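Below is one structure; the comments refer to it alone.
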Amino acid sequence: QVQLVESGGGLVQAGGSVGLSCAASGRTFIRYDMGWFRQAPGKDREFVAAITWSTGTYYTDSVKGRFTISRDNARTTVYLQMNSLKPEDTAVYYCAARIPGKRIEALGEYSYWGQGTQVTVSA
């Protein structure tokens, strides 16, 4: 069982930066792949970024070069640093955890989810 708690969202101007954190409970954190997803109003939840247990990273095309995912296994925390933010990045951002499997970008692969944190980017 893994519990996830996100923090760090807020209101930021376009072009600005914000960092998200996701604190995970459990001693097996190191065994999980960790992902960030987001859901904008009226849209489906979508993949943003993921980091494997072996620290391989994956990003959706729209955030490549702007977002960075990282993890600190000692602190059982995963981070998402978001730079050069755009209004279209506005969404609730969710942290998720999965046992390593196939499609790391697929929502259904993740068994554990946080409650989400709002990021709003003003034009």
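Because the structure is a prediction, the values reported are computed rather than measured.
Listed here is the closest heavy atom pair of A24 and V2: CB-CG1, 4.3 Å. Across all their heavy atoms, T52 and R71 have their closest contact at O-NH1, 3.0 Å. Residues Y110 and A50 come closest through the heavy atom pair OH-CB, 3.7 Å. The shortest heavy-atom contact between M34 and A97 is SD-CB, 3.6 Å. Heavy atoms only, all atoms of each residue included: P100 and R31 are closest at CD-O, 3.2 Å. Taking both residues in full, the closest heavy atoms of Y59 and A49 are given as CD2-CB, 3.6 Å, listed atom of the first, atom of the second, then distance.
At a threshold of 4.5 Å between non-hydrogen side-chain atoms, the residues T57 and T55 do not count as touching. No side-chain heavy atom of V92 sits less than 4.5 Å from a side-chain heavy atom of T117. Between F47 and W36 there is no side-chain heavy-atom pair separated by less than 4.5 Å. Side-chain atoms of E88 and T90, non-hydrogen and from C-beta on, never get closer than 4.5 Å to each other. At least one side-chain heavy atom of Q115 sits less than 4.5 Å from a side-chain heavy atom of E6. For the pair V78 and I69, the minimum side-chain heavy-atom distance is below 4.5 Å.
Residue pairs meeting the ring pair (Phe, Tyr, Trp, His ring centres under 6.0 Å) criterion with at least one partner in residues 75-95, sequence neighbours excluded, do not occur; the list is empty. Residue pairs satisfying the salt bridge (Lys or Arg N to Asp or Glu O under 4.0 Å) criterion with at least one member in residues 104-121, sequence neighbours excluded, are listed as follows: R98-E109, R103-E105.
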Next on the checklist: One pair to check against side-chain contact (heavy atoms from CB on, under 4.5 Å): M82 and L20. What are the steps and the verdict?
Outcome noted: CA-CA 8 Å; M82 303 186 292; L20 305 182; 3.8 Å; yes

Item to check | Residues L80, T68; criterion side-chain contact (heavy atoms from CB on, under 4.5 Å); working and verdict | outcome: CA-CA 6 Å; L80 185 68; T68 302; over 6 Å; no

Checklist entry - Should Q81 and S17 be marked as a side-chain contact (heavy atoms from CB on, under 4.5 Å) after you check the CA-CA gap, both sets of side-chain angles, and the distance that decides it? => result CA-CA 8 Å; Q81 179 62 38; S17 299; 3.9 Å; yes

Item to check | Derivation and outcome, ring pair (Phe, Tyr, Trp, His ring centres under 6.0 Å), residues W113 and F37 | outcome: CA-CA 10 Å; W113 291 84; F37 293 77; 5.0 Å; yes

Next on the checklist: Could you walk me through whether D89 and F67 satisfy the side-chain contact (heavy atoms from CB on, under 4.5 Å) test, starting with their C-alpha distance in whole Å, then the side-chain angles of each, then the deciding distance to 0.1 Å, before giving a yes or no?
Outcome noted: CA-CA 11 Å; D89 294 318; F67 291 11; 3.9 Å; yes

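Side-chain atoms of Q13 never come within 3.5 Å of backbone atoms of S122 as a donor-acceptor pair (strictly under, hydrogens ignored). In this structure, the side chain of Q39 does not engage the main chain of A91 through any donor-acceptor pair within 3.5 Å. Distance alone, capped at 3.5 Å, places no donor-acceptor pair between the S84 side chain and the R66 backbone. Remark: the backbone N or O of N73 is not paired with any side-chain donor or acceptor of T76 at under 3.5 angstrom.
Residue Y32 is not grouped with residue Y58 when hydrophobic side chains (ILVMFWY) are merged at heavy-atom distances under 4.5 angstrom, including chains of intermediate members. Under the 4.5 Å side-chain heavy-atom criterion for grouping Ile, Leu, Val, Met, Phe, Trp and Tyr, I104 is connected to L107 within one hydrophobic cluster.
T77 and D72 share no side-chain donor-acceptor pair at under 3.5 Å. For the residue pair Q118 and T120, a side-chain donor N or O sits within less than 3.5 Å of a side-chain acceptor on the partner.
No more than 12 heavy atoms of other residues, nucleotides or ligands lie within 6.0 Å of CD1 in I30, so this atom counts as exposed by the packing criterion.
A distance of 9.5 Å separates OG in S111 from CD in Q1, rounded to the nearest 0.5 Å.
Salt bridge status for K64 with D61: present, with a side-chain N to carboxylate O gap under 4.0 Å.
Here F29 and W53 keep their ring centres 6.0 angstrom or further from each other.
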